[in-house]
Amino acid sequence: MTSTSDRAPRTYAYLGPEGTFTQMALDAWAPSAGATHRPCGSVDAALALLRAGEVDGAMVPIENSVEGGVSATLDALASGDPLVVVAEVLVPITFVLAARPGMARADVRAVGTHSHAWAQVRGWMDANLPEATYVPTLSTAAAAAGLAGGDGEQAAYQAAVCAPVAASNHGLEVLAEDIGDNAAAVTRFVLVARPGDLPERTGADKTTLVLFQRDDHAGGLLELLEQFAVRGINMSRLESRPTKASMGSYCFSIDIEGHVLDERVGEALLGLKRVCAEVRFLGSYPAAHGTAVRVTPHTTDEAFGEARAWLHSLRA
Ligand SMILES: O=C(O)C(=O)Cc1ccccc1
């Protein structure tokens, strides 16, 4: 088994352009001094480069402590050629309101930014720019770039919500600092790769899955979740996403504590495989917080091993 650093990919795509929070996550995981970083216009574009074999990994946002899951990422991982998460990075987020030099805050009629950024500054906007409308952009840095380019004067918005570095990259003036509604806001980014060697088991791991039910019936979700409950597995994220096959058809995107090499996780996967139409394994990787998973005495690898040996002795 190789360690995460042994198998570290060398060329990485990320949600760009330069100055996104995703770039900060990638810099934290693999500084650009030792790797090639390729900015992409969207999460889909970054994952397409990865699926085409043009890069070794892609850093994308997956979840925010304020707004929840990033649908574009969850959906892109739930379908298409298989990809797996090999690492996660947590980045604390600070937003500024930036505009072309000379623009007064009172003249801002529309604000451009990424939907997850808008969700995190809505309170500040209501209090300070209640008349401003929202213009969605593919990233916070794309909003800043849109103001700074030659077409800045024609941009559909007069200010961007972005990272301080995106404002300074584009020579924008900061009209207001630290405008996030929640000072503790953290975004979780994942480094995605094509399936290959599993990251090493550390004892502080997460596993990401997408579960598709066989049919819609009473207790269907409970049937899936009890596979974790009876094996002492804690979930750290659960979201339902439309399968897009028909109205009312959902799959479940789930993070659990533990590694596929843990006996209790392996047993849960066997149970899920029996009850689900499809189980998509999206990787086991070290949890960013590094805190060891709490395992109850009857769900340790040894407990599963002893039970299996006992059954074996009965059958023999
Ligand atoms: O647009 C960015 O800068 C991103 O990296 C995506 C994002 C947007 C808002 C909060 C966290 C990440």
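Here the structure is a predicted model, which means the values were calculated and not measured. Counting starts at 1 for both ligands and their atoms, following the listed order. Worth knowing before you read on, the calculation uses all heavy atoms, side chains too, and leaves out hydrogens, waters and symmetry mates.
Donor-acceptor pairing under 3.5 Å is recorded for the side chains of Asn64 and Thr187.
For atom 4 (C) of ligand 1, the closest non-hydrogen atom of the protein is Thr22 OG1, 3.5 Å. Protein heavy atom closest to atom 1 (O) of ligand 1, with residue, atom name and distance, is Thr140 N, 2.6 Å. In terms of protein heavy atoms, atom 9 (C) of ligand 1 is closest to Ala117 N, 3.6 Å. Regarding atom 6 (C) of ligand 1, its nearest protein heavy-atom neighbour is Leu15 CD2, 3.8 Å.
Considering backbone and side-chain atoms alike, Ser139 places every N or O at 3.5 Å or more from each N or O of ligand 1. For ligand 1, the polar-atom distance check against Ile93 finds no nitrogen or oxygen pair separated by under 3.5 Å.
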Test Arg237 against Glu239 for salt bridge (charged side-chain N to carboxylate O under 4.0 Å, His left out), laying out the working first.
CA-CA 7 Å; Arg237 186 180 58 84; Glu239 278 165 89; 2.9 Å; yes
ask   = Going through the checks in order, is the salt bridge (charged side-chain N to carboxylate O under 4.0 Å, His left out) test met by Glu223 and Arg214?
value = CA-CA 11 Å; Glu223 216 169 72; Arg214 279 189 200 283; over 6 Å; no
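Here Thr187 has side-chain heavy atoms under 4.0 Å from ligand 1, and that is the only part of it that gets that close. With a heavy-atom cut-off of 4.0 Å, Gln120 touches ligand 1 through its side chain alone.
Nearest heavy atom pair, residue Arg100 against residue Leu147, reads NH1-O, 2.9 Å.
Crowding of Asp107 atom CG: a count of heavy atoms from other residues, nucleotides or ligands under 6.0 Å exceeding 12. The environment of NE2 in His217 is crowded: more than 12 heavy-atom neighbours from other residues, nucleotides or ligands sit within 6.0 Å.
Comparing His114, Met24, Glu67 by heavy-atom distance to atom 8 (C) of ligand 1, the nearest is His114.
Ring-plane geometry between Phe21 and Phe95 is classed as perpendicular, the angle between the planes exceeding 60 degrees on a 0 to 90 degree scale with a lower cut at 30.
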